[in-house]
Amino acid sequence: MAKQISVFLENKAGRLSHVTRVLGTAGINIRALSIADTSDFGILRLIVNEPDRAYQVLKENGFTVSETEVLAVQVADSPGGLATVLEQMHEENLNIEYLYAFIGTSGNDALVVLKVEDSEKTSEIFRQKGIKFLDESQLYRL
Amino acid sequence: MLYWDKEKECMPREELEKLQLRRLKETVFRTYAFVPTYKEKLSQVGITAEDIRSLDDLKQLPFTTKQDLRDNYPFNLFAVPMSEVVRIHSSSGTTGKPTVVGYTKKDIEIWAELMARALTSAGATKNAVIQNSYGYGLFTGGLGIHYGAERIGASVIPTSGGNTRRQVMLMQDFGTTLLTCTPSYALFMHEAMLEGGIEPNDLKLKAGVFGAEPWSESMRREIENKLGINAFDIYGLSEIIGPGVAIECSCKNGLHIAEDHFLAEIIDPLTEEVLPDGCPGELVITSITKEALPLIRYRTRDLTTLERTRCDCGRTHVRMQKVLGRSDDMVIIRGVNVFPSMVESVLLNIPGVEPHYLLIVDRKGNLDQLEVQVEVSERLFSDEVRKLEELGGLIRKDLESNLGIGVKVRLVEPKSIPRSEGKAQRVIDKRNV
(Lines give C-alpha, C1' and ligand atoms only; values in the text may rest on other atoms or scores of the structure.)
Protein backbone atom coordinates (compact mmCIF):
# COMPACT_ATOMS: atom_id res chain seq x y z
CA MET A 1 0.00 0.00 0.00
CA ALA A 2 1.10 3.54 -0.62
CA LYS A 3 0.61 6.97 0.88
CA GLN A 4 -0.98 9.66 -1.19
CA ILE A 5 -0.69 13.32 -0.23
CA SER A 6 -3.90 15.29 -0.81
CA VAL A 7 -3.89 19.09 -0.82
CA PHE A 8 -6.86 21.47 -0.71
CA LEU A 9 -6.59 24.22 -3.32
CA GLU A 10 -8.84 27.16 -3.91
CA ASN A 11 -9.46 27.89 -7.56
CA LYS A 12 -7.13 30.87 -7.55
CA ALA A 13 -4.28 31.78 -9.84
CA GLY A 14 -0.88 30.57 -8.70
CA ARG A 15 -1.94 28.02 -6.09
CA LEU A 16 -0.79 24.94 -8.00
CA SER A 17 2.54 26.53 -8.88
CA HIS A 18 2.99 27.42 -5.22
CA VAL A 19 2.51 23.80 -4.07
CA THR A 20 4.87 22.42 -6.66
CA ARG A 21 7.49 25.07 -5.88
CA VAL A 22 7.32 24.27 -2.17
CA LEU A 23 7.90 20.60 -2.93
CA GLY A 24 10.62 21.37 -5.47
CA THR A 25 12.52 23.57 -3.03
CA ALA A 26 12.33 20.80 -0.43
CA GLY A 27 13.85 18.40 -2.97
CA ILE A 28 10.76 16.22 -3.14
CA ASN A 29 10.03 14.42 -6.38
CA ILE A 30 6.50 14.01 -7.69
CA ARG A 31 5.85 10.55 -9.15
CA ALA A 32 2.16 10.74 -9.97
CA LEU A 33 -0.53 13.37 -9.65
CA SER A 34 -4.12 14.16 -10.40
CA ILE A 35 -6.41 17.08 -9.75
CA ALA A 36 -10.09 16.78 -9.00
CA ASP A 37 -11.77 20.11 -9.43
CA THR A 38 -15.09 21.83 -8.91
CA SER A 39 -15.98 25.41 -9.76
CA ASP A 40 -14.70 26.66 -6.38
CA PHE A 41 -11.92 24.38 -5.29
CA GLY A 42 -9.68 21.52 -6.31
CA ILE A 43 -8.03 18.60 -4.61
CA LEU A 44 -4.50 17.88 -5.68
CA ARG A 45 -3.45 14.27 -5.14
CA LEU A 46 0.19 13.40 -5.23
CA ILE A 47 2.44 10.39 -5.00
CA VAL A 48 5.91 11.56 -4.02
CA ASN A 49 9.16 9.92 -3.08
CA GLU A 50 8.99 11.15 0.54
CA PRO A 51 5.34 11.45 1.58
CA ASP A 52 5.90 12.16 5.28
CA ARG A 53 8.27 15.00 4.59
CA ALA A 54 6.01 16.36 1.84
CA TYR A 55 3.13 16.37 4.32
CA GLN A 56 5.25 18.29 6.81
CA VAL A 57 6.58 20.99 4.46
CA LEU A 58 3.17 21.60 2.90
CA LYS A 59 1.62 21.96 6.34
CA GLU A 60 4.35 24.33 7.40
CA ASN A 61 3.56 26.42 4.34
CA GLY A 62 -0.05 26.76 5.41
CA PHE A 63 -1.75 24.22 3.15
CA THR A 64 -4.52 21.91 4.28
CA VAL A 65 -3.02 18.47 3.69
CA SER A 66 -3.97 14.90 4.42
CA GLU A 67 -2.40 11.50 3.93
CA THR A 68 -4.52 8.81 2.29
CA GLU A 69 -3.87 5.12 1.70
CA VAL A 70 -3.97 4.13 -1.95
CA LEU A 71 -2.88 1.12 -3.99
CA ALA A 72 -0.30 1.37 -6.77
CA VAL A 73 -1.44 -1.44 -9.01
CA GLN A 74 0.68 -2.93 -11.77
CA VAL A 75 -1.26 -3.58 -14.94
CA ALA A 76 0.00 -5.12 -18.17
CA ASP A 77 1.13 -2.30 -20.48
CA SER A 78 -0.89 -3.70 -23.38
CA PRO A 79 -4.46 -3.29 -24.71
CA GLY A 80 -6.96 -4.56 -22.12
CA GLY A 81 -4.47 -4.50 -19.27
CA LEU A 82 -6.45 -2.12 -17.08
CA ALA A 83 -9.77 -3.64 -18.12
CA THR A 84 -8.68 -7.04 -16.81
CA VAL A 85 -7.95 -5.65 -13.35
CA LEU A 86 -11.12 -3.59 -13.22
CA GLU A 87 -13.29 -6.54 -14.28
CA GLN A 88 -11.87 -8.66 -11.51
CA MET A 89 -12.59 -5.87 -9.02
CA HIS A 90 -16.13 -5.58 -10.30
CA GLU A 91 -16.69 -9.30 -9.80
CA GLU A 92 -15.62 -8.90 -6.19
CA ASN A 93 -17.80 -5.81 -5.67
CA LEU A 94 -14.79 -3.62 -4.91
CA ASN A 95 -15.75 0.02 -5.39
CA ILE A 96 -13.26 2.52 -6.73
CA GLU A 97 -13.39 6.07 -5.36
CA TYR A 98 -11.01 7.37 -7.99
CA LEU A 99 -7.97 6.37 -10.00
CA TYR A 100 -5.19 7.98 -11.99
CA ALA A 101 -2.18 6.85 -13.97
CA PHE A 102 1.42 6.91 -12.92
CA ILE A 103 4.09 8.82 -14.81
CA GLY A 104 6.70 6.06 -14.68
CA THR A 105 6.43 2.31 -15.22
CA SER A 106 7.52 -0.73 -13.24
CA GLY A 107 9.41 -3.08 -15.45
CA ASN A 108 7.05 -3.95 -18.29
CA ASP A 109 3.96 -2.94 -16.38
CA ALA A 110 2.07 0.34 -16.29
CA LEU A 111 1.09 1.68 -12.89
CA VAL A 112 -2.31 2.91 -11.77
CA VAL A 113 -3.08 4.57 -8.44
CA LEU A 114 -6.36 3.30 -7.00
CA LYS A 115 -8.34 4.69 -4.09
CA VAL A 116 -10.85 2.14 -2.85
CA GLU A 117 -13.29 2.04 0.03
CA ASP A 118 -11.50 -0.69 1.93
CA SER A 119 -7.85 -0.93 1.01
CA GLU A 120 -7.12 -3.80 3.44
CA LYS A 121 -9.78 -5.99 1.95
CA THR A 122 -8.90 -5.00 -1.60
CA SER A 123 -5.20 -5.75 -1.18
CA GLU A 124 -6.07 -9.14 0.30
CA ILE A 125 -8.22 -10.01 -2.72
CA PHE A 126 -5.52 -8.70 -5.05
CA ARG A 127 -3.04 -11.09 -3.45
CA GLN A 128 -5.43 -14.03 -3.88
CA LYS A 129 -6.06 -13.14 -7.52
CA GLY A 130 -2.42 -12.46 -8.30
CA ILE A 131 -2.96 -8.78 -9.09
CA LYS A 132 0.36 -7.12 -8.37
CA PHE A 133 0.74 -3.86 -6.51
CA LEU A 134 3.81 -2.13 -5.18
CA ASP A 135 4.65 -1.81 -1.52
CA GLU A 136 5.80 1.53 -0.19
CA SER A 137 9.53 0.95 -0.45
CA GLN A 138 9.31 -0.22 -4.05
CA LEU A 139 7.09 2.67 -4.96
CA TYR A 140 9.17 5.50 -3.51
CA ARG A 141 12.34 4.07 -5.08
CA LEU A 142 10.92 4.23 -8.59
CA MET B 1 -13.32 38.42 45.87
CA LEU B 2 -16.79 38.46 44.40
CA TYR B 3 -17.51 42.18 44.08
CA TRP B 4 -15.45 45.31 43.77
CA ASP B 5 -18.08 47.59 45.31
CA LYS B 6 -20.71 45.44 46.95
CA GLU B 7 -22.68 48.40 48.29
CA LYS B 8 -23.30 49.75 44.78
CA GLU B 9 -23.41 46.49 42.83
CA CYS B 10 -25.88 44.83 45.19
CA MET B 11 -27.82 47.94 46.20
CA PRO B 12 -31.48 47.17 47.02
CA ARG B 13 -33.66 48.15 44.03
CA GLU B 14 -35.68 50.73 45.94
CA GLU B 15 -32.59 52.56 47.09
CA LEU B 16 -31.00 52.26 43.65
CA GLU B 17 -34.02 53.76 41.95
CA LYS B 18 -34.03 56.71 44.35
CA LEU B 19 -30.40 57.34 43.48
CA GLN B 20 -31.15 57.02 39.78
CA LEU B 21 -34.01 59.49 39.94
CA ARG B 22 -31.91 62.07 41.74
CA ARG B 23 -29.07 61.68 39.25
CA LEU B 24 -31.39 61.78 36.26
CA LYS B 25 -32.86 65.08 37.45
CA GLU B 26 -29.37 66.52 37.91
CA THR B 27 -28.40 65.39 34.43
CA VAL B 28 -31.45 66.95 32.83
CA PHE B 29 -30.80 70.13 34.77
CA ARG B 30 -27.15 70.29 33.73
CA THR B 31 -27.69 69.48 30.08
CA TYR B 32 -30.46 72.06 29.82
CA ALA B 33 -28.29 74.69 31.46
CA PHE B 34 -24.97 74.03 29.73
CA VAL B 35 -25.57 72.32 26.37
CA PRO B 36 -27.42 74.41 23.77
CA THR B 37 -28.45 71.35 21.74
CA TYR B 38 -30.12 69.82 24.80
CA LYS B 39 -31.72 73.10 25.76
CA GLU B 40 -33.32 73.11 22.34
CA LYS B 41 -34.28 69.41 22.42
CA LEU B 42 -35.79 69.67 25.91
CA SER B 43 -37.59 72.91 25.11
CA GLN B 44 -39.18 71.24 22.11
CA VAL B 45 -40.84 68.63 24.31
CA GLY B 46 -41.41 71.21 27.06
CA ILE B 47 -39.64 69.37 29.86
CA THR B 48 -37.31 70.69 32.54
CA ALA B 49 -35.69 68.94 35.51
CA GLU B 50 -38.70 69.79 37.71
CA ASP B 51 -40.98 67.77 35.47
CA ILE B 52 -39.06 64.56 36.19
CA ARG B 53 -40.99 63.02 39.09
CA SER B 54 -40.34 59.34 38.55
CA LEU B 55 -38.05 57.18 36.47
CA ASP B 56 -41.05 56.53 34.28
CA ASP B 57 -40.78 60.11 33.04
CA LEU B 58 -37.57 59.12 31.26
CA LYS B 59 -39.57 58.02 28.25
CA GLN B 60 -40.79 61.56 27.63
CA LEU B 61 -37.25 62.79 27.10
CA PRO B 62 -35.83 63.23 23.59
CA PHE B 63 -33.37 60.76 22.08
CA THR B 64 -29.75 61.48 21.27
CA THR B 65 -28.22 59.85 18.19
CA LYS B 66 -24.78 59.40 16.70
CA GLN B 67 -25.77 62.09 14.23
CA ASP B 68 -26.18 64.55 17.12
CA LEU B 69 -22.57 63.89 18.07
CA ARG B 70 -21.46 64.45 14.50
CA ASP B 71 -23.52 67.63 14.18
CA ASN B 72 -21.84 68.95 17.31
CA TYR B 73 -18.34 67.95 16.24
CA PRO B 74 -16.03 68.18 18.02
CA PHE B 75 -16.93 69.61 21.46
CA ASN B 76 -20.34 71.25 21.27
CA LEU B 77 -22.14 68.63 23.36
CA PHE B 78 -19.70 69.02 26.25
CA ALA B 79 -21.39 70.26 29.42
CA VAL B 80 -18.20 71.60 31.01
CA PRO B 81 -15.61 74.13 29.85
CA MET B 82 -12.52 72.64 28.18
CA SER B 83 -10.45 73.59 31.23
CA GLU B 84 -12.30 70.81 33.10
CA VAL B 85 -11.74 68.20 30.37
CA VAL B 86 -8.76 65.97 31.10
CA ARG B 87 -9.09 63.42 28.33
CA ILE B 88 -10.49 63.17 24.81
CA HIS B 89 -11.21 59.97 22.93
CA SER B 90 -12.60 59.57 19.46
CA SER B 91 -13.99 56.96 17.10
CA SER B 92 -12.06 56.10 13.96
CA GLY B 93 -14.61 57.92 11.84
CA THR B 94 -14.76 55.24 9.17
CA THR B 95 -18.45 55.91 8.58
CA GLY B 96 -18.24 59.71 8.57
CA LYS B 97 -16.92 62.42 10.90
CA PRO B 98 -15.47 60.82 14.01
CA THR B 99 -17.50 61.02 17.21
CA VAL B 100 -15.56 62.80 19.92
CA VAL B 101 -16.00 62.17 23.63
CA GLY B 102 -14.54 64.02 26.61
CA TYR B 103 -13.92 63.19 30.26
CA THR B 104 -13.46 65.25 33.40
CA LYS B 105 -11.23 64.04 36.19
CA LYS B 106 -14.29 62.62 37.94
CA ASP B 107 -15.46 60.88 34.75
CA ILE B 108 -12.10 59.12 34.52
CA GLU B 109 -12.45 58.17 38.22
CA ILE B 110 -15.86 56.63 37.64
CA TRP B 111 -14.69 54.85 34.52
CA ALA B 112 -11.79 53.28 36.42
CA GLU B 113 -14.26 52.19 39.13
CA LEU B 114 -16.55 50.60 36.55
CA MET B 115 -13.65 48.75 34.94
CA ALA B 116 -12.48 47.62 38.39
CA ARG B 117 -15.94 46.17 38.96
CA ALA B 118 -15.83 44.48 35.56
CA LEU B 119 -12.41 42.90 36.00
CA THR B 120 -13.30 41.76 39.52
CA SER B 121 -16.45 40.18 38.15
CA ALA B 122 -14.20 38.18 35.79
CA GLY B 123 -12.21 36.94 38.78
CA ALA B 124 -9.31 39.40 38.76
CA THR B 125 -7.67 40.50 42.02
CA LYS B 126 -4.51 42.44 42.78
CA ASN B 127 -2.63 39.21 42.15
CA ALA B 128 -3.79 39.10 38.54
CA VAL B 129 -1.42 39.69 35.64
CA ILE B 130 -3.57 41.40 33.04
CA GLN B 131 -2.42 41.52 29.44
CA ASN B 132 -4.36 44.32 27.81
CA SER B 133 -4.39 43.78 24.06
CA TYR B 134 -7.03 46.34 23.26
CA GLY B 135 -5.64 49.18 21.20
CA TYR B 136 -4.23 52.08 23.19
CA GLY B 137 -4.88 55.53 21.81
CA LEU B 138 -7.99 57.31 20.67
CA PHE B 139 -9.95 54.05 20.97
CA THR B 140 -11.40 53.76 24.50
CA GLY B 141 -10.65 50.04 24.88
CA GLY B 142 -6.97 50.22 25.80
CA LEU B 143 -6.90 53.03 28.34
CA GLY B 144 -10.32 52.15 29.76
CA ILE B 145 -9.25 48.66 30.76
CA HIS B 146 -5.82 49.89 31.82
CA TYR B 147 -7.08 52.29 34.48
CA GLY B 148 -9.47 49.71 35.90
CA ALA B 149 -6.74 47.06 36.08
CA GLU B 150 -4.42 49.45 37.92
CA ARG B 151 -7.24 50.42 40.26
CA ILE B 152 -7.63 46.86 41.51
CA GLY B 153 -3.87 46.67 41.88
CA ALA B 154 -3.30 44.04 39.23
CA SER B 155 -0.08 43.99 37.20
CA VAL B 156 -0.90 45.39 33.78
CA ILE B 157 0.97 44.50 30.62
CA PRO B 158 -0.05 47.25 28.18
CA THR B 159 0.72 45.34 24.97
CA SER B 160 -2.01 47.08 22.96
CA GLY B 161 -2.98 45.29 19.73
CA GLY B 162 -0.67 43.83 17.12
CA ASN B 163 2.62 41.94 17.01
CA THR B 164 0.85 38.72 17.88
CA ARG B 165 3.97 36.59 18.11
CA ARG B 166 5.35 38.86 20.81
CA GLN B 167 1.97 38.95 22.57
CA VAL B 168 2.10 35.19 22.93
CA MET B 169 5.72 35.21 24.05
CA LEU B 170 4.99 37.77 26.77
CA MET B 171 1.92 35.86 27.82
CA GLN B 172 4.12 32.84 28.44
CA ASP B 173 7.11 34.65 29.98
CA PHE B 174 5.19 37.11 32.17
CA GLY B 175 2.60 34.57 33.31
CA THR B 176 -0.48 36.44 32.12
CA THR B 177 -3.56 35.28 34.05
CA LEU B 178 -6.19 37.43 32.35
CA LEU B 179 -6.35 38.55 28.74
CA THR B 180 -8.38 41.48 27.48
CA CYS B 181 -8.96 41.93 23.74
CA THR B 182 -11.59 41.41 21.06
CA PRO B 183 -12.87 37.80 20.86
CA SER B 184 -11.62 37.45 17.29
CA TYR B 185 -8.14 38.52 18.33
CA ALA B 186 -8.17 35.93 21.14
CA LEU B 187 -8.67 33.23 18.51
CA PHE B 188 -5.94 34.69 16.35
CA MET B 189 -3.60 34.51 19.35
CA HIS B 190 -4.55 30.86 19.76
CA GLU B 191 -3.37 30.20 16.22
CA ALA B 192 -0.14 32.04 16.95
CA MET B 193 0.36 29.84 20.04
CA LEU B 194 0.02 26.68 18.01
CA GLU B 195 2.38 28.01 15.36
CA GLY B 196 4.89 28.89 18.06
CA GLY B 197 4.63 25.44 19.62
CA ILE B 198 2.98 26.79 22.78
CA GLU B 199 0.39 24.58 24.44
CA PRO B 200 -2.37 26.91 25.74
CA ASN B 201 -2.98 24.65 28.75
CA ASP B 202 0.61 25.15 29.89
CA LEU B 203 0.00 28.90 30.21
CA LYS B 204 -1.17 30.55 33.43
CA LEU B 205 -4.06 32.14 31.56
CA LYS B 206 -7.31 31.62 33.48
CA ALA B 207 -9.77 34.13 32.10
CA GLY B 208 -10.44 36.60 29.35
CA VAL B 209 -12.57 39.72 29.15
CA PHE B 210 -13.67 40.09 25.56
CA GLY B 211 -15.75 42.74 23.86
CA ALA B 212 -15.89 45.59 21.34
CA GLU B 213 -17.57 43.32 18.79
CA PRO B 214 -20.62 41.03 18.96
CA TRP B 215 -19.80 37.38 19.55
CA SER B 216 -22.01 34.34 19.91
CA GLU B 217 -22.33 31.71 22.65
CA SER B 218 -20.72 29.20 20.28
CA MET B 219 -17.76 31.55 19.89
CA ARG B 220 -17.49 31.65 23.69
CA ARG B 221 -17.35 27.84 23.88
CA GLU B 222 -14.76 27.82 21.10
CA ILE B 223 -12.52 30.33 22.92
CA GLU B 224 -12.97 28.64 26.30
CA ASN B 225 -12.11 25.20 24.91
CA LYS B 226 -9.20 26.29 22.78
CA LEU B 227 -7.54 28.51 25.37
CA GLY B 228 -8.71 26.55 28.41
CA ILE B 229 -10.07 29.69 30.08
CA ASN B 230 -13.21 31.33 31.36
CA ALA B 231 -14.43 33.91 28.83
CA PHE B 232 -16.45 36.94 29.96
CA ASP B 233 -18.33 39.38 27.77
CA ILE B 234 -17.88 43.08 28.43
CA TYR B 235 -19.98 45.83 26.91
CA GLY B 236 -19.42 49.49 26.41
CA LEU B 237 -19.30 52.23 23.87
CA SER B 238 -17.22 55.35 23.82
CA GLU B 239 -20.24 57.66 23.57
CA ILE B 240 -21.42 56.43 26.97
CA ILE B 241 -18.01 56.01 28.65
CA GLY B 242 -16.14 53.14 26.97
CA PRO B 243 -15.77 49.54 28.17
CA GLY B 244 -17.32 48.83 31.55
CA VAL B 245 -20.91 49.91 30.90
CA ALA B 246 -21.89 46.27 31.45
CA ILE B 247 -20.09 43.07 32.43
CA GLU B 248 -20.94 39.42 32.80
CA CYS B 249 -20.77 37.80 36.22
CA SER B 250 -19.83 34.18 36.86
CA CYS B 251 -23.45 33.15 36.15
CA LYS B 252 -22.96 34.18 32.51
CA ASN B 253 -26.64 34.77 31.98
CA GLY B 254 -26.41 38.33 30.76
CA LEU B 255 -24.29 41.41 31.39
CA HIS B 256 -25.03 43.58 34.44
CA ILE B 257 -25.40 47.21 33.42
CA ALA B 258 -23.91 49.56 36.03
CA GLU B 259 -27.27 51.06 36.88
CA ASP B 260 -26.00 53.54 39.42
CA HIS B 261 -24.44 55.36 36.46
CA PHE B 262 -26.56 54.39 33.47
CA LEU B 263 -30.27 54.02 32.80
CA ALA B 264 -31.13 51.35 30.25
CA GLU B 265 -34.19 51.01 28.04
CA ILE B 266 -35.08 48.87 25.06
CA ILE B 267 -36.99 50.49 22.23
CA ASP B 268 -38.45 49.40 18.94
CA PRO B 269 -35.92 50.97 16.55
CA LEU B 270 -38.65 51.92 14.07
CA THR B 271 -41.51 53.20 16.25
CA GLU B 272 -39.12 54.36 19.03
CA GLU B 273 -41.58 52.96 21.57
CA VAL B 274 -40.22 51.57 24.84
CA LEU B 275 -40.54 47.77 24.93
CA PRO B 276 -41.15 45.63 28.02
CA ASP B 277 -38.35 43.54 29.56
CA GLY B 278 -37.54 40.43 27.58
CA CYS B 279 -38.44 41.94 24.20
CA PRO B 280 -35.56 42.30 21.77
CA GLY B 281 -34.91 45.80 20.51
CA GLU B 282 -32.40 48.63 20.45
CA LEU B 283 -30.58 49.46 23.67
CA VAL B 284 -30.95 53.09 24.76
CA ILE B 285 -28.70 54.42 27.52
CA THR B 286 -28.84 57.59 29.59
CA SER B 287 -25.68 58.46 31.45
CA ILE B 288 -26.60 59.98 34.82
CA THR B 289 -23.21 60.78 36.33
CA LYS B 290 -21.18 61.86 33.31
CA GLU B 291 -19.86 65.42 33.73
CA ALA B 292 -18.14 66.22 30.45
CA LEU B 293 -20.50 64.50 28.03
CA PRO B 294 -23.82 63.55 29.59
CA LEU B 295 -26.09 61.90 27.03
CA ILE B 296 -29.84 61.57 27.37
CA ARG B 297 -31.43 58.47 25.86
CA TYR B 298 -28.55 57.67 23.57
CA ARG B 299 -29.49 55.25 20.82
CA THR B 300 -26.70 52.67 20.86
CA ARG B 301 -27.87 50.85 17.71
CA ASP B 302 -27.04 47.63 19.61
CA LEU B 303 -29.77 45.02 19.63
CA THR B 304 -30.40 43.06 22.81
CA THR B 305 -32.99 42.36 25.53
CA LEU B 306 -33.16 43.36 29.20
CA GLU B 307 -33.77 40.96 32.06
CA ARG B 308 -34.60 42.14 35.58
CA THR B 309 -35.12 38.82 37.37
CA ARG B 310 -32.79 38.26 40.30
CA CYS B 311 -29.32 37.02 39.42
CA ASP B 312 -27.68 34.31 41.53
CA CYS B 313 -24.51 36.39 41.84
CA GLY B 314 -26.31 38.81 44.16
CA ARG B 315 -25.98 41.87 41.95
CA THR B 316 -29.21 43.79 41.67
CA HIS B 317 -28.38 45.60 38.42
CA VAL B 318 -30.38 44.83 35.29
CA ARG B 319 -28.88 42.37 32.83
CA MET B 320 -28.67 42.78 29.08
CA GLN B 321 -28.32 39.69 26.92
CA LYS B 322 -25.24 39.27 24.75
CA VAL B 323 -25.57 41.81 21.95
CA LEU B 324 -27.06 40.16 18.90
CA GLY B 325 -25.52 42.73 16.63
CA ARG B 326 -25.19 46.39 16.00
CA SER B 327 -27.77 47.67 13.56
CA ASP B 328 -24.81 48.99 11.49
CA ASP B 329 -23.45 45.43 11.09
CA MET B 330 -26.78 44.07 9.99
CA VAL B 331 -27.09 43.34 6.31
CA ILE B 332 -30.46 43.19 4.66
CA ILE B 333 -30.48 40.51 2.01
CA ARG B 334 -33.62 40.19 -0.07
CA GLY B 335 -35.49 41.88 2.76
CA VAL B 336 -34.19 39.53 5.46
CA ASN B 337 -32.08 40.88 8.31
CA VAL B 338 -28.84 38.97 8.70
CA PHE B 339 -26.30 39.48 11.48
CA PRO B 340 -22.82 38.02 11.23
CA SER B 341 -23.35 36.56 14.73
CA MET B 342 -26.21 34.42 13.38
CA VAL B 343 -23.91 32.95 10.75
CA GLU B 344 -21.24 32.43 13.39
CA SER B 345 -23.62 30.47 15.64
CA VAL B 346 -24.54 28.12 12.83
CA LEU B 347 -20.97 27.58 11.68
CA LEU B 348 -19.54 26.87 15.11
CA ASN B 349 -22.16 24.23 15.77
CA ILE B 350 -20.74 22.17 12.92
CA PRO B 351 -17.82 20.11 14.25
CA GLY B 352 -14.48 21.02 12.72
CA VAL B 353 -15.56 24.40 11.34
CA GLU B 354 -13.13 27.13 12.34
CA PRO B 355 -14.42 30.43 13.74
CA HIS B 356 -13.05 32.36 10.78
CA TYR B 357 -15.63 33.34 8.23
CA LEU B 358 -16.57 36.13 5.89
CA LEU B 359 -19.89 37.22 4.43
CA ILE B 360 -19.76 38.59 0.92
CA VAL B 361 -22.92 40.33 -0.20
CA ASP B 362 -23.32 41.10 -3.86
CA ARG B 363 -26.07 41.85 -6.29
CA LYS B 364 -26.42 39.91 -9.53
CA GLY B 365 -29.03 41.51 -11.75
CA ASN B 366 -31.63 42.56 -9.22
CA LEU B 367 -31.03 39.74 -6.81
CA ASP B 368 -28.97 40.02 -3.62
CA GLN B 369 -26.60 37.15 -3.08
CA LEU B 370 -24.94 36.05 0.11
CA GLU B 371 -21.76 34.07 -0.06
CA VAL B 372 -20.34 32.68 3.16
CA GLN B 373 -16.66 31.80 3.04
CA VAL B 374 -15.57 29.04 5.38
CA GLU B 375 -12.02 27.87 5.90
CA VAL B 376 -11.33 24.19 5.34
CA SER B 377 -9.45 22.93 8.37
CA GLU B 378 -7.57 19.67 8.38
CA ARG B 379 -10.44 18.08 10.26
CA LEU B 380 -12.89 18.94 7.50
CA PHE B 381 -10.65 18.10 4.59
CA SER B 382 -11.10 14.98 2.53
CA ASP B 383 -9.29 13.74 -0.54
CA GLU B 384 -12.68 13.06 -2.10
CA VAL B 385 -14.57 15.80 -3.93
CA ARG B 386 -17.89 14.21 -3.03
CA LYS B 387 -17.22 14.49 0.69
CA LEU B 388 -16.15 18.13 0.48
CA GLU B 389 -19.21 18.93 -1.59
CA GLU B 390 -21.37 17.17 0.97
CA LEU B 391 -19.77 19.28 3.68
CA GLY B 392 -20.45 22.49 1.74
CA GLY B 393 -24.02 21.33 1.22
CA LEU B 394 -24.49 20.60 4.91
CA ILE B 395 -23.22 24.03 5.91
CA ARG B 396 -25.43 25.64 3.27
CA LYS B 397 -28.53 23.79 4.47
CA ASP B 398 -27.88 24.73 8.08
CA LEU B 399 -27.36 28.37 7.19
CA GLU B 400 -30.40 28.52 4.95
CA SER B 401 -32.73 27.02 7.52
CA ASN B 402 -31.44 29.40 10.20
CA LEU B 403 -31.26 32.57 8.15
CA GLY B 404 -34.26 31.94 5.94
CA ILE B 405 -32.51 32.92 2.72
CA GLY B 406 -30.51 31.19 0.02
CA VAL B 407 -26.78 31.10 0.68
CA LYS B 408 -23.77 30.10 -1.33
CA VAL B 409 -21.01 28.45 0.69
CA ARG B 410 -17.47 28.73 -0.58
CA LEU B 411 -14.78 26.57 0.97
CA VAL B 412 -11.51 28.47 1.14
CA GLU B 413 -7.97 27.66 2.18
CA PRO B 414 -7.01 28.01 5.83
CA LYS B 415 -5.85 31.46 6.91
CA SER B 416 -6.99 33.00 3.64
CA ILE B 417 -9.62 35.04 5.50
CA PRO B 418 -7.87 38.09 6.96
CA ARG B 419 -7.25 37.94 10.72
CA SER B 420 -7.92 40.99 12.79
CA GLU B 421 -5.97 42.41 15.70
CA GLY B 422 -8.89 44.61 16.64
CA LYS B 423 -12.48 44.45 15.53
CA ALA B 424 -12.97 41.72 12.94
CA GLN B 425 -14.47 42.60 9.59
CA ARG B 426 -17.13 39.99 8.97
CA VAL B 427 -19.02 41.47 6.03
CA ILE B 428 -17.99 42.78 2.64
CA ASP B 429 -20.93 44.40 0.92
CA LYS B 430 -20.26 44.84 -2.77
CA ARG B 431 -23.74 46.16 -3.59
CA ASN B 432 -23.85 49.78 -4.61
CA VAL B 433 -26.94 50.74 -2.67
Side-chain angles (χ1 to χ4, degrees), chain A residues 1-19 22 32-48 51 54-72 95-100 113-119, chain B residues 164-165 187-188 190-198 350-360 362 364 369-396 399 406-419 428:
Chain A
M1 265 177 277
K3 273 184 196 157
Q4 167 191 279
I5 298 296
S6 314
V7 190
F8 180 80
L9 291 179
E10 263 176 73
N11 277 359
K12 270 196 313 206
R15 298 309 290 156
L16 186 56
S17 71
H18 188 196
V19 178
V22 165
L33 66 84
S34 91
I35 296 179
D37 66 316
T38 72
S39 56
D40 290 338
F41 64 85
I43 301 168
L44 172 66
R45 299 159 182 152
L46 298 163
I47 301 291
V48 297
Y55 176 85
Q56 208 49 47
V57 291
L58 287 171
K59 221 177 126 118
E60 278 161 16
N61 279 275
F63 289 98
T64 299
V65 201
S66 70
E67 281 185 330
T68 316
E69 275 199 342
V70 291
L71 292 164
N95 283 329
I96 297 171
E97 308 277 359
Y98 53 81
L99 66 78
Y100 52 98
V113 177
L114 274 184
K115 166 77 189 294
V116 292
E117 268 170 4
D118 186 342
S119 47
Chain B
T164 310
R165 211 171 272 240
L187 285 170
F188 187 27
H190 175 256
E191 286 184 340
M193 287 175 200
L194 297 187
E195 278 166 17
I198 294 170
I350 301 169
V353 173
E354 292 290 316
H356 305 289
Y357 60 93
L358 190 61
L359 279 61
I360 312 254
D362 207 350
K364 300 250 163 73
Q369 311 222 303
L370 172 64
E371 175 180 294
V372 177
Q373 295 192 348
V374 181
E375 288 187 359
V376 175
S377 66
E378 203 154 307
R379 263 184 76 189
L380 296 177
F381 181 51
S382 160
D383 60 309
E384 288 173 44
V385 171
R386 179 171 51 90
K387 288 197 179 137
L388 279 181
E389 284 185 331
E390 273 170 18
L391 170 77
L394 173 87
I395 297 174
R396 182 175 52 80
L399 283 170
V407 175
K408 174 178 165 44
V409 170
R410 182 190 287 271
L411 301 177
V412 298
E413 287 177 26
K415 296 185 186 163
S416 60
I417 293 171
R419 302 302 196 249
I428 294 176

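Predicted model only: the values in this text are computed from it and were never measured. Each chain gets a letter, A, B and so on, in the order its sequence line appears, and its residues count up from 1.
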If I measure from the heavy atoms of chain B, does [X] come under 4.5 Å with its side chain, its backbone, both, or neither?
X: A/F8; answer: both
X: A/L9; answer: both
X: A/E10; answer: both
X: A/Q4; answer: side chain
X: A/S66; answer: both

Checked B/K415, B/E389, B/E384 vs chain A; the most non-hydrogen pairs under 4.5 Å come from B/E384

Here the pair of heavy atoms bringing A/S6 nearest to B/D383 is OG-CB, 3.1 Å

Closest heavy-atom pair, A/G62 versus B/P414, reported as atoms and distance to 0.1 Å, is O-CG, 3.8 Å

Side chains of B/L411 and A/D40, heavy atoms from C-beta outward: is any pair under 4.5 Å?
no

In this structure, CZ of B/F381 is separated from CZ of A/F63 (nearest 0.5 Å) by 11.5 Å

So, the part of B/K387 with a heavy atom under 4.5 Å from chain A: the answer is neither

Residues which pass salt bridge (charged side-chain N to carboxylate O under 4.0 Å, His left out) with [X], listed by chain and number, not counting sequence neighbours:
X: A/R15; answer: B/E413
X: A/K3; answer: A/D52
X: B/E390; answer: B/R386

Contact list (residues 371-379 of chain B to chain A, heavy-atom gap under 4.5 Å, by number) returns B/V376, B/S377, B/E378

Item to complete: Flag yes if more than 12 heavy atoms outside A/K12 fall under 6.0 Å of its NZ atom; otherwise flag no.
Response: yes

